[in-house]
Protein chains: 2
Amino acid sequence: MGHVTLKDVAARAGVSYQTVSKVLNNRAQVTEETRNRIWQAVRELNYRPNVSARNLRKQASNLIGYAWHYMPDEFMQNPVLDGFVHSAANAAEAHGFHLLTFVADGGPPRPDVYHELFSRNQVAGFLLADTVGDDPRVEMLLDEDIPFVTFGRANDEWDFCWVDVDGQYGLRMVVEHLLQQGHRRIGFITWPEGSQSGAFREAGYRQALESCGLEPDPQWIVRGEHSAELGRRGVRRLLELPRERRPTAIACVSDLVAIGALGAAAQAGLEVGEEIAITGFDDIPLVQYTQPPLTSVRQPIDAVGERVVDMLLKQIQGEVIDRKGVLLQPELIVRASS
Amino acid sequence: MGHVTLKDVAARAGVSYQTVSKVLNNRAQVTEETRNRIWQAVRELNYRPNVSARNLRKQASNLIGYAWHYMPDEFMQNPVLDGFVHSAANAAEAHGFHLLTFVADGGPPRPDVYHELFSRNQVAGFLLADTVGDDPRVEMLLDEDIPFVTFGRANDEWDFCWVDVDGQYGLRMVVEHLLQQGHRRIGFITWPEGSQSGAFREAGYRQALESCGLEPDPQWIVRGEHSAELGRRGVRRLLELPRERRPTAIACVSDLVAIGALGAAAQAGLEVGEEIAITGFDDIPLVQYTQPPLTSVRQPIDAVGERVVDMLLKQIQGEVIDRKGVLLQPELIVRASS
DNA sequence: TTAATGAAGGCGAACGTTCGCGCGAACGGT
DNA sequence: ACCGTTCGCGCGAACGTTCGCCTTCATTAA
């Protein structure tokens, strides 16, 4: 048989199909007995509501759009984002929503892709990751009053919902840990200026040093595009410094960078964890297996997914959001590299 | 203003709304002039069709389900699958379809998740990756006559659509290349018996050796679960063999395994590429940057995505599929490790 | 007895499309 | 002038829901 509809169920239960609908949605005043009859018919016929019909009638959608920002030239996919999508999808499914993922090569997708999806009523809102400072997508979504939540902050002057992990706190923990290990000259290999999360992490680095009365030598900071190569280059450059200014510990802005750094340090004949300390950020699964295992900062990625979906669904349902920005605290994972 | 519907467009163009629909779907007999009027009204009002209404009426869906099989404990995500999803999503979008991704922790999702999604008319069909031999999902989908295509083969006795990369050919190329480099004792580090794609690759390994008159020593084959650790263990074990039986080249079943092998060989004081050859499979982006860069086999992943979507859409539209199984040929990428 | 109350469930309409049929006008041929 | 044909477009219906209102009937209180 083709599709089972409300009418089929109603016929079998001996009621009108609208009543069946009400029972299924718990907004019915019916006797216990008819309710049971209806549920039994539902089970016997294996009825499943038609999503399109429901969405059409309710002028809604049970889909959440997420642009999967794929970069084939990137050396390694971003496990943090993978974890984010996964937890967000899980959280959404718990509320009867699903993730519609669309893709874009190279840069982030153009705002009109979002607009199109929304105005066709295909999705009820969006989740954004890797936003940039003045992200045109955020601007458009805000303008058009389309529900969305970002993972990561953007332009501070815009008033929208975001969830982020406190990178400043994360790096402060890292550096405080290194200081506690006795290190006094601590390098930092990071992204170019202009990166917002880079700036937060750098602030944490400086803050920890300064609260200890130390001023970071400008030469201790090496910048470059996100890659393992940056880590290698950074270590080489830091090791070239004269002995009395040479860092004994190096904090890296990400695990990927730290992996490069690990390699370069080993190549330079240094035993990481003994003669030099190296740390990462993100705690990707790989770093448990590096030689030596890497000290890193774990992002509470499941919590991020839940909060993000929670806020988005509230927006979609038109509720007021009490706290538009949510900052979650990461966790320091100390391993043998420091 | 709220949503612009066909009626709004029709009012502005001075025609009935059904005519607008026909014009937009190119099934109208109308004068050039009214067609233009209608299109102009569409543009002026920025009309976008309502997906739910369309799907409801057409008894269809513009979504393709894909279960994103996430394994947090896995050391490294699978870049091949990422590439697959990306290319499939791209191909789908070119035909007005989108990917609905749902998730499952640990193992593959239960068949009833698929069934549910389909019977609610949420999706029109499915894409499956990492299928296993007697995959219960495949069995169910076949039983229920739900459109789907798999990336990778399953039980040979079932008659369904699949696209796969010829791993046997891939490993034959690898081993032939190694033979050509003068190697005569070639090891193979692979997955446990029972893995289907493992079996194909192993067949290629054997075939190449045998066509050269060599018989593989059983000790040259090391098996274990997919991990970098397997590579390390494999190399150690192979290097323990007496000198005259010790392989001078080692083919690994995947890049991940090869990365472990690379590390263990270096640790044993061997210069990879000179004193020993090591190869991988998949050509993940990372292996361009290993020390030394890894010889690998590149899967034609874009082609896979396109074929898969193509076959699925044909099924959805009820066309007959001429060739149910498609085997695509990979490419050998020779780098310094061999 | 009667009117008010409330519970149980039916009914009509609407959400925005697509699709087949039908109708009037124009047109060409006899 | 008449008839068949084609063109251009309108009309009604249907897809499967949800939602508010209405009807029916039994119960209760005055």
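For the numbers below, each heavy atom of this structure counts, side chains included, while hydrogens, waters and symmetry mates do not. Chain A is the first sequence line, chain B the second, and so forth, proteins listed ahead of strands; every chain is numbered from 1.
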Does B:D143 CG have over 12 foreign heavy atoms under 6.0 Å away?
yes
Would you say a side-chain N or O of B:T31 is under 4.0 Å from OP1 or OP2 of D:dC9?
yes
Between B:K314 and B:D310, does any NZ, NE, NH1 or NH2 come within less than 4.0 Å of an OD or OE carboxylate oxygen?
yes
Has A:R54 got a side-chain N or O lying under 4.0 Å from the OP1 or OP2 atom of D:dG16?
no
Report the nucleotide, chosen from D:dT17, C:dG16, C:dC19, that has the shortest atom-to-atom distance to any side-chain atom of A:K7.
D:dT17
Given C:dC21, is OP1 or OP2 found less than 4.0 Å from the side-chain N or O atoms of B:Q18?
no
Which listed nucleotide (C:dA7, D:dT18, D:dT17) is nearest to the side chain of A:Q29?
C:dA7
Indicate whether OP1 or OP2 belonging to D:dT17 is found under 4.0 Å from a side-chain N or O atom of A:Y47.
yes
Short side-chain N/O contact from A:T5 to OP1 or OP2 of D:dG16, under 4.0 Å
no
Could you work out which one of C:dC19, D:dT18, C:dG16 sits closest to the side chain of A:L6?
D:dT18
I need the residues from residues 19-26 of chain A with at least one non-hydrogen atom less than 4.0 Å from DNA chain D; give them sorted by number, or say none.
A:S21, A:K22, A:N25
Below 4.0 angstrom from OP1 or OP2 of D:dG16, is there any side-chain N or O of A:R57?
no
Taking only side-chain nitrogens and oxygens of B:T34, does any of them come within less than 4.0 Å of OP1 or OP2 of D:dC9?
yes
Do A:H98 and B:Q122 have side-chain N/O donor and acceptor atoms under 3.5 Å apart?
no
More 5' along DNA chain C: A:R37 or A:L56, using each one's nearest nucleotide?
A:R37
Using the side-chain heavy atoms of B:Q59, tell me which of these nucleotides is nearest: D:dC15, C:dG16, D:dT17.
D:dC15
Need one value for A:R48: base, sugar-phosphate or nothing, where a base atom within 4.0 Å counts as base even if backbone is also close, heavy atoms only.
sugar-phosphate
Donor on one side chain, acceptor on other, B:H3 and A:N121, under 3.5 Å
yes
